[in-house]
Amino acid sequence: MTKLLEVKDLNFHYGEIHALKGISLDVYEGEIVTLIGGNGAGKTTTLRSISGLIGNITSGEIRFMGERIDGLKPHKIASLGIAQCLEGRHIFGNLTVRENLDMGSYLRKDSKVKEDLDYVYNLFPRLLEREKQRAGTLSGGEQQMLAVGRALMQRPKLIMMDEPSLGLAPIIIQGIFEIIKQINKDGTPVLLVEQNSHAALQIADRGYVIETGEIVLKDSAQNLMRNEKIKDSYLGAS
Ligand code: ATP
């Protein structure tokens, strides 16, 4: 399998706060990889380091398809094929559903944009129904669909998702995770950050567990689900 993303010994500081303490993780072609951990463990910081959204890392290396990407600007990293669905969704509430989707593809110069729009509407028929509606009036679940749809409109080589289950009802979460699985089956590798460890491990191939800025466990998703420590600390009542 080809290694798509390689994070090696990544350190990041917010001023005095040492938020990431030597994170290493890989994503290979075809995989769903999940990074699970509690509140404030460093999940979002890891994703934002990869997408270049928080400025310079302290030390370490981030490679995408063999090329160093740490230090590059976010738009350059996006143009190499990494799309990120941000925590809290960050859609444009005053724009319509369609305009939000068009924002995802506006940097593209290829001829497959219409094909991808059809693909997104096929995955999320609700977005087609609401194409002309202002995005701010959508439900939480629909906004999450739109955030995923917009990322797909970049035709990414890797899609990174930050807590897609945040604030959604269990039935909606199930639907979103089924869609993530489908997107992966259709050919897009996924790096999925989640506090909802149970849902994430159910669809992932492999997982990493992060605690206070360090990877404390990595294994196949199946093994992690059977791991007693994970069951006690993360799978709880779910
Ligand atoms: P959550 O699920 O709550 O978003 P997380 O695992 O994504 O948690 P991060 O948001 O990456 O965790 O935070 C990692 C650490 O860095 C935490 O201790 C947090 O308080 C700190 N941190 C995050 N953002 C900032 C910031 N802008 N300035 C200072 N410290 C920050």
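Both ligands and their constituent atoms are indexed starting at 1 by order of listing. Numbers for residues simply follow the sequence, beginning at 1.
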Exercise. Using heavy-atom distances, let me know which of E16, H18, K43 sits nearest atom 6 (O) of ligand 1.
Key: K43
Quiz item: Can a salt bridge be assigned to the pair K157 and E67 using a cut-off of 4.0 Å between side-chain N and carboxylate O?
Solution: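 Result for this pair is no, no salt bridge flagged.
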Exercise. Give a yes or no on whether a salt bridge exists between D110 and K112, defined as a side-chain N under 4.0 angstrom from a carboxylate O.
Key: no
Practice problem: Please confirm whether the backbone N or O of N196 pairs with a side-chain atom of E194, one donor and one acceptor, at under 3.5 Å? | Solution: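 The answer is yes, because a donor-acceptor pair under 3.5 Å joins these two groups.
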Min N/O separation [X] to ligand 1 under 3.5 Å:
| X | answer |
| --- | --- |
| I17 | no |
| E163 | yes |
| A19 | no |

Quiz item: Do other residues, nucleotides or ligands put more than 12 heavy atoms under 6.0 Å from the OH atom of Y14?
Solution: yes
Quiz item: Does E99 CD have over 12 foreign heavy atoms under 6.0 Å away?
Solution: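 Yes, enclosed.
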Can you sort out which atoms of ligand 1 are near [X], meaning under 4.0 Å from one of its heavy atoms?
| X | answer |
| --- | --- |
| T44 | 4 (O), 5 (P), 7 (O), 10 (O), 11 (O) |
| G38 | 6 (O) |
| T45 | 9 (P), 11 (O), 13 (O), 14 (C) |

Quiz prompt | G213 to ligand 1, any heavy atom closer than 4.0 Å | solution = no
Quiz item: G37: heavy atom below 4.0 Å from ligand 1, yes or no?
Solution: no
Practice problem: Measure the spacing between CD1 of I215 and NZ of K21 and express it to the nearest 0.5 Å. | Solution: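 NZ of K21 is found 12.0 Å from CD1 of I215.
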Quiz item: Side chains of Y28 and D205: donor-acceptor distance under 3.5 Å anywhere?
Solution: no
